[in-house]
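Notes follow once the structure below has been shown.
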Amino acid sequence: MQALINHSKLLKTIINLIAFITLIGSIGLSVSYGSTKVPIETVWQAVFHFQPDISAHQVIQELRLPRAITAALIGAFLAVSGAIMQGMTRNPLASPSIMGVTDGAAFALVITLAFYPSVSNLGGTFASFIGAGIAVSIIFIIGTLSSGGLTPVKLALAGVAIGALLRSISSVISLHFQLEKEMGFWMAGGLDGANWNAIKILIFSGIIGMLIALFISKSITVLSLGEEMATGLGQNNTLIKILGIVSVLILTGVSVSIAGAVGFIGLIIPHITRFIMGKDYRWIIPSSAIFGALLLVLADLVSRLVNAPFETPVGAITSLIGVPFFLYLARNSGGGSK
Amino acid sequence: MSTVKIRKRKQFILTMVTLILLIIVMFFISLSTGVIQITPMEVINTLLHNGTEQQALILFDFRLPGIVLALFIGAMLAVSGTILQGVTQNDLADPGILGINTGAGLAVVLYIYFFQDMLTLSGPQSIFLMPFAALLGALFAAGLIYLLAWRSGVNPIRLVLVGIGVNAGFSAILTILQLRMDPQNYRQVTVWLAGDIWNANWNFVLALLPWALLLIPIAIYKAKALDVFNLGDEVAAGLGINVEKERGLLLLIAVALAGAAVAAGGAIAFLGLVVPHIARKLIGPLHQMIIPISTLIGAVLLMIADTIGKNILAPSEIPVGIVVSILSAPYFIYLLMKVK
């Protein structure tokens, strides 16, 4: 038995390692392909022997590399948010985009930009934390007020409705203040705003969010087995849930403030990693980060190549990947056999 | 028994008359408000061909077609929602939430995309063909949703959930398609998809008219079948109704109404959800009464939403679909909390 566990731990580590190497390779591909192809050796030189007078090096350092890194970080953050949400609520449909959390963040960003047009990057990030918080609170209140309690599926539907509501209000505000372009960007999701400054904010928030996530990962495993059992084991569920929500708000909020509402990553990736890694969230959370990063880097690459030289919003690509998966889940968890 | 029936009939007539009066009042309010104010007296004068040329231009060429269109679209979406809720026995059914509207929208955008060089967008042939394209898209969406939600029966919540998924998929395809269009068409399509009665002109009204005038009466004529569905499939079959045939026909009417409405007014969600609930509250569960009442409520609600959208943040106009969503999404959440 012991040997089996060790073996499977080794196996899991190897899988994660392979995924991580694939991720690095994909980032390399993403930097190398684009409106003009740059050979992979040039990419290597631009990163490790940067020469400012070569224009290809400039393009890589200032545009493509930050973009690929941003994609990786945001993919990781959204996937971890989804994993925490699914673990805490035992709801297979929970994820930042389905539950309206990304819409809440975008909503706050539109309001902030309407009234304080000169808001800084950091200010925008802070606003989107608050917006994500508003969406989570509304869902929480609905769950509490609902007399019979909300089933997972109904909670997901409530999230969709809240998302629609917040999106509509955002549209009104953006129409009035002529912010349609910004609003369109946040709603569709895109990575063309990536730069080193944004990456600094991403890394700073990401460290806090990820540390919390890893810190509570063991407790989430217990929580995912059932609330009574977790209480029985002497776990302070309220504290864990608050920490979990804080982590989701930070990770989702910072992602939306930089790349808009990129959907479905937080839904798909946790399911895939649970399938590979089993039920232990100490494994699921780090793996989700790697796989989420991989998915968004590749989706971004596709979004730039599918209609070159024009960019397709990366959110549309992740939706196309995510919808069949969502439909599969909806069929299986759609309440009852009839 | 018969006194109950008579009382019910009286109540029905009273509600109908009240709603028609409300529509007339809203009609004049809507005609007289806007960036350029025209008093209701002037409106009447202009309608009687006694107004100034400028007033006649504003009323006949700009405001009137928009308002008439809003009336028809509201009525059609409301009836579509009523039928969908009746047939699927599902309080949460609505052509917008189920993705039927987006399916119709996708078909229209495909149509514009492939024929944009051959036709001018608001030219007459293009407008009269659009409802047919929308109908095909709506039918495809409805079929797809039903198929995907089917698992030895269709559970209401699963149907809505699948609808949301299909909706998201169509939306993603739409986003990609839109970016491949030339900028002029792109802008029009974007505004139109938000649920705007864009570019309202009499051609749109004419294109929509046959659909509304043909399908809504058929729906009222078929209303009895909807009442029988309430009793369950076995009872319905026992009463000599060909359940599958009637269900198919009614669904076809609902999808066609939604499709045609989308072709003219864009994707307006939630209206078809809310109206049947209001109608049931007002008149009870009989569909023969619910459908006419829904027709009028849908018409008046969309006219109100259109007027709000045009005036509340003037000079910015808010697409009517967004106004409807803001007003109705909370009600959807409320319903959700009640559904078992």
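A note on names: the letters A, B, ... follow the listed sequences, proteins ahead of strands, and every chain is numbered from 1.
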With a 6.0 Å cut-off (strictly less than), is the heavy-atom count around OH of A:Y33, excluding the residue itself, greater than 12?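 For A:Y33, atom OH is not crowded (no more than 12 foreign heavy atoms under 6.0 Å).
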According to the ring pair (Phe, Tyr, Trp, His ring centres under 6.0 Å) rule, which pairs have a member within residues 161-182 of chain A, sequence neighbours left out?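 Counting only pairs at least two positions apart or across chains, the ring pair (Phe, Tyr, Trp, His ring centres under 6.0 Å) contacts touching residues 161-182 of chain A are A:F115-A:F177.
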Rounded to the nearest 0.5 Å, what separates atom [atom1] in [X] from atom [atom2] in [Y]?
X      : Y      : atom1 : atom2 : answer
A:L165 : B:I322 : CG    : CD1   : 11.5 Å
B:I326 : A:S171 : CD1   : OG    : 7.5 Å
B:Y334 : A:I142 : OH    : CD1   : 13.5 Å
B:I333 : A:I141 : CD1   : CD1   : 11.0 Å

Contacting region of [X] [heavy-atom separation from chain B under 4.5 Å]:
X      : value
A:L166 : neither
A:V160 : side chain
A:F264 : side chain

Just jot down the side-chain hydrogen bond (donor to acceptor under 3.5 Å, both in side chains) partners of B:T33, sequence neighbours excluded, or say none.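 By the side-chain hydrogen bond (donor to acceptor under 3.5 Å, both in side chains) rule, B:T33 matches B:N311.
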In this structure, which one of B:V162, B:L144, B:L161, B:I164 forms a side chain to side chain contact (heavy atoms under 4.5 Å, CB included) with A:L327?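 For A:L327, the side chain to side chain contact (heavy atoms under 4.5 Å, CB included) test succeeds with only one of B:V162, B:L144, B:L161, B:I164, which is B:V162.
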Using heavy-atom distances under 4.5 Å, tell me whether B:V323 contacts chain A through its side chain, its backbone, both, or neither.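 It is neither, since no heavy atom gets under 4.5 Å.
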Heavy atoms, side chains only, cut-off 4.5 Å: are B:I176 and A:L320 in contact?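 With C-beta onward as the side chain, the pair touches.
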Highest number of heavy-atom pairs under 4.5 Å with chain A: which of B:S325, B:A172, B:G309?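 The candidate making the most pairs under 4.5 Å is B:A172.
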